[in-house]
Enquirer: 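If you scroll down you'll find the structure; I have some questions about it.
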Amino acid sequence: MLAGRLHVGERALRMESVPVPEPGPGQVRIKVAAAGVCLSDVHLIDGTLTPLHLPGDVVTLGHEVAGVVDALGDGVTGWQPGQRVLLQAGERDRRGTLLTRGVDYDGGWAEYALAREDTVVLIPDAMPFEHACIVPDAVSTPWAAVTDTARTRPAEAVGVWGVGGLGAHAVQLLRLVGAAPILAVDPLPAARERALTLGADLALDPKDDGFRDAVLEFTAARGLDVAFDFAGATPAREQAMTVLGAQGRLVLTGIANQPVAIPSDSRFNYSRQAVLGHYGSSAEHVEQLVALAGLGRFDLTASISDVLPLADAAEAVRRVRDKQGDPIRLVLRP
C-alpha cells in the first residue's frame, strides 16, 4: 500500500510502498477514507517537533483519520467490517504514557491503518469522512479548551487570537456553548472575514492602533472574561493580557516555546486573573463532538479547504506550511 513516511533523522517525507498491516490481538484495521493534514505534521517534518516515544526512526504520519472497519484482530468483538469510524488521535500505554498516532506509532497517511479497539469511534452515516477525520485534534482540541480548561460560561465575553485550523473551530464552538460576545483577532483579512462568517461578533487586526479601546467598547468596558491564544505567539499573549477583565482567564492552546510574562502582578492579583495551559483533548471530547455533529449542532463543511490525493501529501504539507489559500484543514484521500 502507499504510505506517507517520515524519516525522522533526515526530516524527509517520502511516499513509499509498504506492506498492508495485519491487526494484532485487540486491534482493528481500517481502510482509510480521509486523513487530515495538521500544522504539527509540518513541524514534525521541519524538525520543530520530534517524536518522544517512537521505537525506530520512521513513522507513517497522520493523527486525524477516518474510514471503514476492514479487519479485526483476535479477541475483538465490538466491531464489524464495514462500520464507519474515526480514530482517536492517540492512546495511553500500560504505564500511562500518552502516545500520539502518526508521531509515536504509525498513523493514517496510508491506505490502511491499525488502531487499538478502544480508540475507534463510530460515526453517523450522514457524517462525511472528510469532516469526521478532523474531529480528533482540529475540533476536539479547541472544544476541550473551551469547555474544560476555560470552563466557558454562557454570556461570557471571549477573545480568540488566531483564526486558523484551531481558532476557526473555537469560534463556532464558543457560539455553541453560549459565549457572548465573541471577538476574533487575526492579522489576515481573510481570516477575520472567515471568523465573522463562522459566528464572531467582531474581528480585529491585532496591529490596529485602537485595538484596546475597541475591545473595551465591545465589552462595555469590562474586558474579556476569557482569551484564547490559538496562535502560539508571544505578542498575542501579551496583547490578550492587556484586555482581560476581572477574573479573566488566558488559555494558552498554541505552543510558542517561550516564557510567559505577566506585566503587572499587582493588577493580575487584584483582578484575580489566571493563565491556564492547555494541550489536546481526551476521548470523551471526541465522542461528545461526534454526538453533537450527528444532531446537527455544528457544521464542518467550511473547514475542509481542499481534498488532495494521498500521493500529493508533500504538496499538502507545502500548502499548509506556506499558508497558501489560508486553509483551515486540508484532507488527504487514499
Side-chain angles (χ1 to χ4, degrees), residues 38-44 48-53 63-64 88-92 95-101 103-104 135-153 156-174 177 179 182-186 206 223-265 267-286 288-289:
C38 177
L39 186 59
S40 61
D41 296 313
V42 177
H43 288 331
L44 284 164
T48 303
L49 297 176
T50 297
L52 296 178
H53 309 292
H63 57 275
E64 298 181 337
Q88 297 279 6
E91 60 185 50
R92 291 194 181 276
R95 295 173 296 180
T97 302
L98 178 62
L99 306 177
T100 302
R101 186 182 310 281
V103 179
D104 300 308
V135 169
D137 190 17
V139 189
S140 64
T141 293
W143 177 247
V146 166
T147 59
D148 271 6
T149 300
R151 298 191 180 276
T152 311
R153 296 185 291 271
E156 284 195 312
V158 299
V160 174
W161 270 256
V163 194
L166 297 180
H169 294 119
V171 170
Q172 298 177 73
L173 298 170
L174 284 163
V177 301
I182 300 170
L183 165 69
V185 185
D186 200 292
L224 296 175
D225 296 301
V226 192
F228 295 91
D229 169 27
F230 287 101
T234 297
R237 298 165 177 184
E238 293 175 344
Q239 186 175 58
M241 289 288 292
T242 67
V243 290
L244 276 185
Q247 300 184 58
R249 292 95 74 198
L250 170 60
V251 180
L252 308 182
T253 302
I255 297 175
N257 289 319
Q258 296 294 325
V260 178
I262 296 172
S264 168
D265 60 350
R267 180 179 183 276
F268 185 83
N269 293 348
Y270 179 78
S271 299
R272 292 179 291 167
Q273 294 170 340
V275 177
L276 303 170
H278 178 82
Y279 182 79
S281 61
S282 299
E284 63 266 24
H285 298 118
V286 172
Q288 290 165 2
L289 288 165

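Quantities reported herein were computed from a predicted structural model and do not represent experimental measurements.
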Enquirer: Rounded to the nearest 0.5 Å, how far does CG of Asp186 lie from CZ of Phe230?
Expert: 12.5 Å
Enquirer: Restricting to salt bridge (Lys or Arg N to Asp or Glu O under 4.0 Å), what partner residues turn up for Arg95, sequence neighbours left out?
Expert: Asp93
Enquirer: Considering non-hydrogen atoms only, spot the tightest contact between Phe228 and Ala145 and give its length.
Expert: CE2-O, 3.7 Å
Enquirer: When rounded to the nearest 0.5 angstrom, what distance separates OG1 in Thr147 from NE2 in His285?
Expert: 4.5 Å
Enquirer: Distance from His63 atom NE2 to Asp104 atom CG, nearest 0.5 Å?
Expert: 12.0 Å
Enquirer: For residues Val226 and Val146, determine if any side-chain heavy atom of one lies less than 4.5 Å from a side-chain heavy atom of the other.
Expert: no
Enquirer: Using 0.5 Å steps for rounding, measure from the CG atom of Leu174 to the CD atom of Glu156.
Expert: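 Between atom CG of Leu174 and atom CD of Glu156 there are 10.0 Å.
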Enquirer: Is the backbone N or O of Ala157 less than 3.5 Å from a side-chain atom of Asp225, with the two atoms forming a donor-acceptor pair by type?
Expert: yes
Enquirer: Got a second to check how far Leu166's CG is from His278's NE2, nearest 0.5 Å?
Expert: 8.5 Å
Enquirer: Got a donor-acceptor contact below 3.5 angstrom from the Glu64 side chain to the Ala138 backbone?
Expert: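 Between the backbone of Ala138 and the side chain of Glu64 there is a qualifying donor-acceptor contact (under 3.5 Å).
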Enquirer: Is there a donor-acceptor pair closer than 3.5 Å between any side-chain N or O of Thr100 and the backbone N or O of Gly90?
Expert: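 The answer is no, because no donor-acceptor pair under 3.5 Å joins these two groups.
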Enquirer: Search all heavy atoms of Asp229 against all heavy atoms of Arg237 and return the closest pair with its distance.
Expert: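 Shortest heavy-atom separation between Asp229 and Arg237 comes out as OD2-NE, 2.6 Å.
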Enquirer: For Pro235, which residues count as a side chain to side chain contact (heavy atoms under 4.5 Å, CB included) partner, sequence neighbours excluded?
Expert: Ala233
Enquirer: Identify, with sequence neighbours excluded, every residue that meets side chain to side chain contact (heavy atoms under 4.5 Å, CB included) alongside His43.
Expert: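 Expected list: Leu39, Asp46, Thr48, Leu49.
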Enquirer: What closest approach, in Å, do Ser281 and Ser140 show between heavy atoms, and which atom pair accounts for it?
Expert: OG-OG, 2.8 Å
Enquirer: Grab the two heavy atoms, one from Val171 and one from Ile182, that are nearest each other, plus how far apart they are.
Expert: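 Closest heavy-atom pair between Val171 and Ile182: O-CD1, 4.0 Å.
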Enquirer: What's the verdict on side chain to side chain contact (heavy atoms under 4.5 Å, CB included) for Trp143 and Val135, showing C-alpha distance, side-chain angles and the deciding distance?
Expert: CA-CA 10 Å; Trp143 177 247; Val135 169; over 6 Å; no
Enquirer: Out of curiosity, Thr141 OG1 to Tyr279 OH, how far, rounded to the nearest 0.5 Å?
Expert: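 Spacing of OG1 (Thr141) from OH (Tyr279) equals 8.0 Å.
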Enquirer: Atom CZ of residue position Arg267 - does it have more than 12 heavy atoms of other residues, nucleotides or ligands inside 6.0 Å?
Expert: yes
Enquirer: What are the two closest heavy atoms between Val185 and Val163, and how far apart are they?
Expert: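 Shortest heavy-atom separation between Val185 and Val163 comes out as O-CG2, 4.2 Å.
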Enquirer: Give a yes or no answer on whether the side chain of Asn269 reaches the backbone of Asp265 with a donor-acceptor pair at less than 3.5 Å.
Expert: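 Checked: pair present.
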Enquirer: Treating Gln273 as the side-chain partner and Leu244 as the backbone partner, does any N or O pair qualify as donor plus acceptor under 3.5 Å?
Expert: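 Pair found, side chain donor or acceptor close to backbone of Leu244.
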Enquirer: If you take all heavy atoms of Ala89 and Pro136, which pair is closest and at what distance?
Expert: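 Here Ala89 and Pro136 meet closest at N-CB, 4.0 Å.
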Enquirer: May I ask you to test the Val275-Met241 pair for a side-chain heavy-atom distance under 4.5 Å?
Expert: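 Answer yes - side chains close enough.
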